[in-house]
S.K.: 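The structure is given below, and queries will be raised subsequently.
Below, each value reflects all heavy atoms present in this structure, side chains not excepted, and no hydrogens, waters or symmetry copies. Residues take their numbers from the sequence shown, with the count starting at 1.
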Amino acid sequence: MAMERANLLNMAKLSIKGLIESALSFGRTLDSDYPPLQQFFVVMEHCLKHGLKVKKSFLGYNKSLWGPLEMVEKLCPEAGEIAASVRDLPGLKTPLGRARAWLRLALMQKKLADYLRLLITRKDILSEFYENSAVMLEEEGAVIVGLLVGLNVIDANLCVKGEDLDTQVGVIDFSMYLKNDIDDDYRSEERNGQISAILDQKNYVEELNRQLKSNLFLNLSVLKDVENELVVQVSMKQEMEMAMKLLEKDIHEKQDTLIGLRHQLDEVKAINVEMYQKMQSSDDSMRQKNDMIARLEEKTNQITATMKQLEQSDKDLLSQTRTLAMSFVKCASTDTEHQYKLVKDISF
């Protein structure tokens, strides 16, 4: 396993170095048919497959390279876009095809080194997919990831949608790396100069990107503040509209109540007028009754006076009668019993 790791590390160094140098000489964007780029993906596939655990499935036993790569999106949300794109590709049917598509998309995004660096730092996750002596769990894996940073100087435009990634056979072409040493020494100085210029440009672009990201962050902060303010304004507007609706409803209810009170007031006024008219009629009737009572009292007084006069006349008449009787008794018979009876009869 140690020998395999050393060989894969050397092949990765040759592949990455050859790809960068040829890309700089090529001078334009690389596509899927560029041989050094094809060989780079073959070498990376061998490095990532090294030490993979055999997984048992309903189809048998296989080594799934897609498993560990799929875990990157859990470590870096930015990688979720690549994983979603790979899952949505209609022509891919195997985990190996999805893993190959993922490597190509990550390279075009210039995030391949960043994603794999996050992955090798989580040995607890990788141990579920790799044996303990695999490249991704040893120092060679960290070295290879470090070499991948240099690929950020190249641009690639790869069409993975129409490419048959499921059935490709990944065979390393060693003839590409058997070069004439004299020719290499002759062109090394020129290539080093080109690499230095490219790296300077890369540093300038990265610095410019950092400034743009800083400005973008400030702009996003301002935009976020404006968005928050807009949300507050919209919320206040909605609350004002709701308050206006409630106020209008309250006004309509009060208007209805006022109309009802006006009807009740008109009814009360009508009742008051009717009561006043009845009271006026009652007053007239009362005056008539009072006049009648007064006349009756006057007649009563007159009758009382007449009765008193009659009583007095009766008394006078009785007195005169008694006097006359006494006189008559004296002049009549002297018989005591007869007189007594006579007086008694007269008194009666």
S.K.: Check the pair L158 / L30 against side chain to side chain contact (heavy atoms under 4.5 Å, CB included), numbers first and verdict last.
M.R.: CA-CA 8 Å; L158 309 178; L30 306 182; 5.6 Å; no
S.K.: Does the distance from a Lys or Arg side-chain N to an Asp or Glu carboxylate O, for D266 and R262, drop under 4.0 Å?
M.R.: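 No, no charged N to carboxylate O under 4.0 Å.
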S.K.: So, do E163 and C159 sit near enough that their side-chain heavy atoms are less than 4.5 Å apart?
M.R.: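 No; the side chains remain at least 4.5 Å from each other.
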S.K.: First locate atom CD of E229, then atom CE of M236, and finally report the distance between them rounded to the nearest 0.5 Å.
M.R.: 8.5 Å
S.K.: Is the closest side-chain heavy-atom distance between L151 and I20 below 4.5 Å?
M.R.: yes
S.K.: Calculate, to the nearest 0.5 Å, the distance between atoms CD1 and CG belonging to I172 and L8 respectively.
M.R.: 7.0 Å
S.K.: With a 4.5 Å heavy-atom cut-off, do M44 and I144 have their side chains touching?
M.R.: yes
S.K.: Where is the tightest heavy-atom contact between C47 and V135, given as atom of each residue plus distance?
M.R.: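 Here C47 and V135 meet closest at O-CB, 4.0 Å.
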S.K.: Give a yes or no on whether the backbone of L48 and the side-chain of Y130 come within a donor-acceptor separation of less than 3.5 Å.
M.R.: yes
S.K.: Do M136 and H50 come close enough that some side-chain heavy atom pair is under 4.5 Å?
M.R.: no
S.K.: Between the main-chain N or O of S281 and the side-chain N or O of S285, is there a donor-acceptor pair closer than 3.5 Å?
M.R.: no
S.K.: Quick check for you: to the nearest 0.5 Å, what is the distance between N157 atom CG and R104 atom CZ?
M.R.: 13.5 Å
S.K.: Rounded to the nearest 0.5 Å, what's the gap from CG on N301 to NZ on K308? Could you check?
M.R.: 9.0 Å
S.K.: May I ask you to test the F129-L137 pair for a side-chain heavy-atom distance under 4.5 Å?
M.R.: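 F129 vs L137: side chains apart.
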S.K.: Under the 6.0 Å and 45° cation-pi test, does R100 pair with F41?
M.R.: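 Relative to the ring axis of F41, which defines the angle, R100 lies outside at least one limit.
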S.K.: V143 and L19: same hydrophobic cluster, using ILVMFWY side-chain contacts below 4.5 Å?
M.R.: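 Yes, because V143 and L19 connect within a single hydrophobic cluster, where side-chain heavy atoms sit under 4.5 Å apart.
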S.K.: Could you check if a side-chain atom of E138 sits within less than 4.5 angstrom of a side-chain atom of N132, using non-hydrogen atoms only?
M.R.: no
S.K.: Mind checking the CG-CG spacing from L107 to D155? Nearest 0.5 Å is all I need.
M.R.: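 If we round to the nearest 0.5 Å, L107:CG and D155:CG are 9.5 Å apart.
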S.K.: Which heavy atom of I154 sits nearest to which heavy atom of A23, and what is that distance?
M.R.: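 The pair with the smallest heavy-atom distance is CG2-CB, 3.5 Å.
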S.K.: Are the side chains of D166 and R98 in contact, using a 4.5 Å heavy-atom criterion?
M.R.: no
S.K.: Is M279 atom CE crowded by more than 12 heavy atoms from other residues, nucleotides or ligands, each under 6.0 Å away?
M.R.: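 Count not over threshold, so no.
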S.K.: List the steps and the verdict of salt bridge (charged side-chain N to carboxylate O under 4.0 Å, His left out) for D250 and K254.
M.R.: CA-CA 6 Å; D250 188 43; K254 289 183 177 179; 3.4 Å; yes
S.K.: Decide salt bridge (charged side-chain N to carboxylate O under 4.0 Å, His left out) for K49 and E45; before the verdict, give the C-alpha distance in whole Å, the side-chain angles of both, and the deciding distance to 0.1 Å.
M.R.: CA-CA 6 Å; K49 280 184 176 181; E45 184 177 327; 3.1 Å; yes
S.K.: More than 12 heavy atoms of other residues, nucleotides or ligands under 6.0 Å from NZ of K123: yes or no?
M.R.: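 Check passes, neighbour count above 12.
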S.K.: Let me confirm one number: the NZ-CZ distance from K74 to R122, rounded to the nearest 0.5 Å.
M.R.: 10.5 Å
S.K.: Please give me the minimum heavy-atom distance between L105 and S85, naming the atom from each residue.
M.R.: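 Taking L105 first and S85 second, the nearest heavy atoms are CD1-CB, 4.1 Å.
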S.K.: Does a sphere of radius 6.0 Å around NZ in K110 hold more than 12 heavy atoms from other residues, nucleotides or ligands, not counting ones at 6.0 Å or beyond?
M.R.: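 Yes, NZ of K110 has more than 12 neighbouring heavy atoms, counting only those of other groups under 6.0 Å.
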S.K.: Given L116 and V72, is the side chain to side chain contact (heavy atoms under 4.5 Å, CB included) satisfied, shown in steps?
M.R.: CA-CA 8 Å; L116 294 182; V72 176; 5.6 Å; no
S.K.: Could you verify whether a donor N or O on one side chain and an acceptor N or O on the other, from Y276 and Q280, lie under 3.5 Å apart?
M.R.: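 Checked: Y276/Q280 side chains pair up, N/O donor to acceptor below 3.5 Å.
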S.K.: I would like to know whether R295 and M292 meet side chain to side chain contact (heavy atoms under 4.5 Å, CB included); could you show each step before the answer?
M.R.: CA-CA 5 Å; R295 289 196 298 272; M292 185 177 293; 4.1 Å; yes
S.K.: Between D164 and T167, do the side chains contain a donor N or O and an acceptor N or O under 3.5 Å apart?
M.R.: yes
S.K.: Taking only Lys NZ, Arg NE, NH1 and NH2, and the carboxylate oxygens of Asp or Glu, determine whether K269 and E274 approach each other closer than 4.0 Å.
M.R.: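 No salt bridge links K269 with E274.
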S.K.: Looking only at heavy atoms, which two atoms of V86 and L92 are closest? And how far apart?
M.R.: O-CD1, 3.9 Å
S.K.: Apply salt bridge (charged side-chain N to carboxylate O under 4.0 Å, His left out) to E70 and R87, showing your working.
M.R.: CA-CA 10 Å; E70 192 177 16; R87 296 188 189 100; 3.2 Å; yes
S.K.: How about CD on E81, more than 12 heavy atoms from neighbouring residues, nucleotides or ligands closer than 6.0 Å, or not?
M.R.: no
S.K.: Please check if the number of heavy atoms outside E139 that lie under 6.0 Å from its CD is greater than 12.
M.R.: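 Counting other residues, nucleotides and ligands, CD of E139 stays at 12 neighbours or fewer.
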S.K.: State, yes or no, whether a side-chain contact exists between Q255 and H252 at a heavy-atom distance under 4.5 Å.
M.R.: yes
S.K.: Go through T304 and T300 one step at a time and tell me if the side chain to side chain contact (heavy atoms under 4.5 Å, CB included) criterion holds.
M.R.: CA-CA 6 Å; T304 301; T300 302; 4.1 Å; yes
S.K.: Please name the pair of heavy atoms, one in C76 and one in Y115, separated by the smallest distance, quoted to 0.1 Å.
M.R.: SG-CE2, 4.0 Å
S.K.: Please report the closest heavy-atom contact between S15 and F40, naming both atoms and the distance.
M.R.: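 Here S15 and F40 meet closest at OG-CA, 3.1 Å.
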